[in-house]
Number of protein chains: 2
Amino acid sequence: MPADRAPTRIQRKNRAAILEAALDVFSSHGFRGSTVDQIAKAAGLSKPNLLYYFPSKEAIFNELMAGLLDTWLDPLRALDPEGEPLDEILAYVQRKLQMSRDFPRESRLYANEIVQGAPRLHDVIAADLNVLVEEKAQLLQVWMDAGRINRAHPKHLLFSIWSLTQHYADFDAQVRTLMGDEDPFDAAPQYLETLYRRMLTPIS
Amino acid sequence: MPADRAPTRIQRKNRAAILEAALDVFSSHGFRGSTVDQIAKAAGLSKPNLLYYFPSKEAIFNELMAGLLDTWLDPLRALDPEGEPLDEILAYVQRKLQMSRDFPRESRLYANEIVQGAPRLHDVIAADLNVLVEEKAQLLQVWMDAGRINRAHPKHLLFSIWSLTQHYADFDAQVRTLMGDEDPFDAAPQYLETLYRRMLTPIS
DNA sequence: CGTGAGTTTGACCAGTTGGTCAAATCAAGG
DNA sequence: CCTTGATTTGACCAACTGGTCAAACTCACG
């Protein structure tokens, strides 16, 4: 285990390689389905060498998750109370969709955990996420009360955005099989834009 | 292994108990994360006894999946070309939502597999599901061309319905945490009805 | 109540897995 | 070049896992 000092060049490189490899392996086999050996090999290290940098399989997972969750919620944090409501929401949808395209492994890693009841995530969800969701749901409610977007259950609206955008990452295997040659991400932005525009444009 | 004759009373009872237990265990830990012992205990049997009824862990899983997929696609099959397009689609959405409420474990089992790249499902998806989706996507296209519902990418429309409805089962842990006391299924039907009505009602 | 098929189990096995450890190797500053 | 701390590794361990097997038990039926 590296000492408490500033990390050496090698430490930085190897820890990064391990986390990258772990993302790959964990996101495609889940926590239980992944082995330390798999991760080590993917990172180009031997198993004991990997365990020299991280004390345990779970430590790798936790560090990965902690780093992930922060960036995962950034798009929602960026929802601006001062902006034009419909534009803000549509932009949020596109940002989220973009993340599914650019970081599908992160999305699947998160999905894997939640589907299995979030045994290693309950605390974080109950704390950080809950606060953020309450805040943004209230913002949506204010916009609706002011007649600037159509009425809809604010939390269900947020759920639907997560669901629709992450679907393209989480169910990638299914989506690609059914779309054949067509790239799902060609039509998805247009489809979601239309959906939420029709859904939310105020009917005077 | 029971002989090839008609199953005895005990065989029927135990095989059913095993499949029920397996659904529970597989859906909350995934295939790799589940152990035969867990399933056996949940079914009230010893491990060797369980393996007397099924030749292997994978055999249990396969039988479970085969039985599941059929009923899973029934709601889509029921989409009636002769019906009123908007009503048909809205009814499909509600049927699918109902399944998420009544059979969340089945939904999660399926989700678990797809998220991990569907290693044990590729064939089925490529065959049965693909045919059904092509057929129904074409039906949607006909309805759109006739101006009976708004235009939208037919396959993305189907994906969105799956995504939004299954979300309540697959991400149950997250949804319930964020909804607090409120039952997600109270407002979900209304929310989805509104969403698809606004989205699809033809703008003359 | 006896008997043969159907059912159950304890003991066991080989392969895998997370993790340890002492010894070997390497890298950088003096 | 040599020392010292950082890095790497082969050998190893205990726990777990999927699966086997022969022996024991139970049940329905004549």
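- Atom CD of Gln11(A) and atom P of dC26(C) are 18 Å apart (whole Å).
- Per the geometry, OH belonging to Tyr52(A) stands 18 Å off P belonging to dA24(C), to the nearest Å.
- Arg95(A) and Asp74(A) are not joined by a salt bridge, as no carboxylate oxygen comes within less than 4.0 angstrom of a charged side-chain nitrogen.
- In terms of phosphate contacts, Arg9(B) brings a side-chain nitrogen or oxygen within less than 4.0 Å of OP1 or OP2 of dA28(D).
- With respect to Glu20(B) and Arg105(B), a salt bridge is recorded, a charged nitrogen being found less than 4.0 Å from a carboxylate O.
- Arg32(A) has its CZ atom 12 Å from the C1' atom of dA15(D), to the nearest Å.
- For the pair Gly44(A) and Ser34(B), nearest-nucleotide mapping onto DNA chain D gives the more 5' position to Gly44(A).
- Comparing dG6(C), dG19(C), dG18(D) against the side chain of Thr35(B) picks out dG18(D) as the nearest.
- The side chain of Lys57(B) approaches dG19(D) more closely than any other nucleotide in the set dT9(C), dG19(D), dT20(C).
- Between the CG atom of Asn14(B) and the C1' atom of dT7(C) there is a distance of 9 Å, rounded to whole Å.
- At dT8(C), one or more side-chain N or O atoms of Tyr53(B) fall inside 4.0 Å of OP1 or OP2 (strictly under the cut-off).
- Taking side-chain N and O atoms only, Thr8(B) has no distance below 4.0 Å to OP1 or OP2 of dC27(D).
- The separation between Leu45(A) atom CG and dG10(D) atom P is 13 Å, rounded to whole Å.
- Distance, Asn49(A) CG to dT20(C) P: 15 Å, rounded to whole Å.
- Aromatic rings of His156(A) and Tyr168(B) (six-membered ring for Trp) have centroids within the 6.0 Å cut-off, being under it.
- The pair Glu182(B)-Lys155(A) does not count as a salt bridge, with every side-chain nitrogen at least 4.0 angstrom from each carboxylate oxygen.
- Proximity of Ser46(B) to the phosphate of dT9(C): a side-chain N or O atom is located under 4.0 Å from OP1 or OP2.
- One can place CG of Leu51(A) at 19 Å from P of dC12(D), the figure rounded to the nearest angstrom.
- Atom NZ in Lys47(A) sits roughly 18 Å away from atom C1' in dT7(D) (whole-Å rounding).
- Nearest-nucleotide assignment on DNA chain C puts the 5′-proximal partner with Leu50(B), out of Leu50(B) and Phe31(A).
- For Val36(B) and Ile10(B), each mapped to the nucleotide of DNA chain D holding its nearest heavy atom, the one lying further toward the 5' end belongs to Val36(B).
- Salt bridge Arg108(B)/Glu113(B): absent, no basic N to carboxylate O contact under 4.0 Å.
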